[in-house]
Amino acid sequence: MRQVARYIDDFFGFDQWFLFDTRWAAANQDLARSLLRYAAHWDPYDGMPSE
């Protein structure tokens, strides 16, 4: 897996990219699923069951 952070400007800050393949994802399923969710949802608690 590789992570790249590129500075955009003072308003947006940094643009982050996480690069990984299916082999890495198969060995790190929870982390890969978490990174894909992070890319798709701005709110980490959206869709989570409430207690």
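All residue numbers in this chain count up from 1 along the given sequence.
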Under 3.5 Å, side-chain donor or acceptor atoms of residues 17-26 against the rest of the protein: list the pairs with distances, not counting sequence neighbours.
residue: W17; atom: NE1; partner: D15; partner atom: OD2; Å: 3.0
residue: D21; atom: OD1; partner: R23; partner atom: N; Å: 3.4
residue: D21; atom: OD1; partner: W24; partner atom: N; Å: 2.9

More than 12 heavy atoms of other residues, nucleotides or ligands under 6.0 Å from CZ of F12: yes or no?
no
For Q29, give me all partners under side-chain hydrogen bond (donor to acceptor under 3.5 Å, both in side chains), at least two apart in sequence or on another chain.
none
I'd like to know if the side chain of N28 and the backbone of L31 have a donor-acceptor N/O pair within less than 3.5 Å.
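Flag not set: sc N28 to bb L31 has no pair under 3.5 Å.
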